[in-house]
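Side chains included, hydrogens not; waters and symmetry mates left out as well; all remaining heavy atoms used.
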Amino acid sequence: MIDAQGIVEIIETYQKYGWILRRVLLTKALSKKLHDSTHTLFGDVAIIDSVIDAAWFSRPPKSGGVAWEVRYLGDFPFALLEKVDESDKEFENILGGIEVRLREAVSEKTSA
């Protein structure tokens, strides 16, 4: 399971390349482990109870939709990237679908 320092390194790397932390998905286990440091780590970013540990980042578009990337916060680096229209009424459903794909991909890697 990732620790606070590992999360800091991921966030700093993304920020270095212009990504903005937008949301954090935490399992009860990681939330409990990070207990007192969640505000220090994530600031005012929304923390969502989840069945997977991940962080959502976005980056302003060069052209087309906004790039959103969900980064798994686990034992191995894995992320999914999608360009989306934030004004689309299906925006939240689109992100939810990407989260499902992430869970499935991570599940396959951990069970292999």
Side-chain angles (χ1 to χ4, degrees):
M1 181 180 294
I2 196 167
D3 61 8
Q5 184 57 39
I7 292 171
V8 167
E9 290 171 8
I10 290 169
I11 293 170
E12 287 176 348
T13 299
Y14 274 82
Q15 289 175 338
K16 178 180 173 181
Y17 294 101
W19 292 88
I20 300 164
L21 180 63
R22 301 286 295 265
R23 304 174 181 190
V24 178
L25 309 174
L26 292 181
T27 60
K28 289 182 194 246
L30 186 55
S31 184
K32 184 176 179 179
K33 180 178 178 178
L34 299 174
H35 177 66
D36 293 331
S37 58
T38 55
H39 184 71
T40 304
L41 287 169
F42 308 121
D44 293 330
V45 172
I47 299 172
I48 301 162
D49 292 333
S50 181
V51 296
I52 191 167
D53 298 309
W56 274 108
F57 295 88
S58 71
R59 184 167 58 183
K62 294 182 180 175
S63 65
V66 176
W68 277 71
E69 183 166 312
V70 62
R71 170 62 155 78
Y72 175 57
L73 300 176
D75 296 332
F76 55 90
F78 190 82
L80 294 172
L81 174 68
E82 192 82 26
K83 281 191 174 184
V84 295
D85 179 353
E86 292 179 342
S87 65
D88 185 335
K89 65 181 180 180
E90 292 296 315
F91 174 71
E92 292 298 331
N93 290 334
I94 293 167
L95 294 187
I98 298 166
E99 289 173 14
V100 169
R101 288 179 25 221
L102 177 69
R103 284 194 306 269
E104 290 170 351
V106 168
S107 176
E108 289 174 12
K109 287 192 175 281
T110 57
S111 65

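- Atoms CG and CG, on Asp3 and Leu30 in that order, are 9.5 Å from each other to the nearest 0.5 Å.
- Of the charged side-chain nitrogens involved, at least one lies within less than 4.0 Å of a carboxylate oxygen, so that Glu82 and Arg101 count as a salt-bridged pair.
- Smallest separation of non-hydrogen atoms from Tyr72 and Leu102: CB-CD1, 4.1 Å.
- Hydrophobic clustering, with ILVMFWY side chains joined whenever heavy atoms are under 4.5 angstrom apart, keeps Phe42 apart from Ile20.
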Open item on the list: Apply side-chain contact (heavy atoms from CB on, under 4.5 Å) to residues Glu99 and Ile52 and explain how you reach the verdict.
Closed with: CA-CA 9 Å; Glu99 289 173 14; Ile52 191 167; 5.8 Å; no
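- Between Ala55 and Leu21 the shortest heavy-atom distance is CB-CD1, 3.8 Å.
- With a 4.5 Å cut-off on side-chain heavy atoms, Ile7 and Leu34 count as touching.
- Here the closest heavy-atom approach between residue Gly18 and residue Arg59 is recorded as O-CG, 3.7 Å.
- The backbone N or O of Glu9 lies less than 3.5 Å from a partner atom in the side chain of Thr13, making a donor-acceptor pair.
- Linking ILVMFWY residues whenever their side-chain heavy atoms come closer than 4.5 Å, directly or via other members, places Leu80 and Phe76 in the same cluster.
- When all heavy atoms are compared, the tightest approach of Ile2 to Gly6 is CD1-C, 3.7 Å.
- Counting only residues at least two apart or in different chains, side-chain hydrogen bond (donor to acceptor under 3.5 Å, both in side chains) contacts with residues 28-55 comprise Thr27-Asp53.
- Atom CD1 of residue Ile47 and atom CZ of residue Arg23 lie 13.5 Å apart, to the nearest 0.5 angstrom.
- Closest approach of Ala67 to Leu81, counting heavy atoms only: CB-CD1, 4.0 Å.
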Task: Tyr17 and Phe57: CA distance, side-chain angles, deciding distance, side-chain contact (heavy atoms from CB on, under 4.5 Å) verdict - done: CA-CA 11 Å; Tyr17 294 101; Phe57 295 88; over 6 Å; no
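- Residue Phe91 is grouped with residue Val70 when hydrophobic side chains (ILVMFWY) are merged at heavy-atom distances under 4.5 angstrom, including chains of intermediate members.
- There is no path of hydrophobic side-chain contacts, each under 4.5 Å, that joins Ile10 to Val106.
- A 4.5 Å side-chain heavy-atom check between Trp56 and Ile48 finds every atom pair outside the cut-off.
- Connection of Leu95 to Leu73 is not established within any shared hydrophobic cluster, with ILVMFWY side chains joined at heavy-atom distances below 4.5 Å, either directly or through further cluster members.
- Relative ring orientation between Tyr14 and Trp19 is described as perpendicular, the plane-to-plane angle rising above 60° on a 0-90° scale split at 30° and 60°.
- Here Ile94 contributes atom CD1 and Glu86 contributes atom CD; the two are 10.5 Å apart, rounded to the nearest 0.5 Å.
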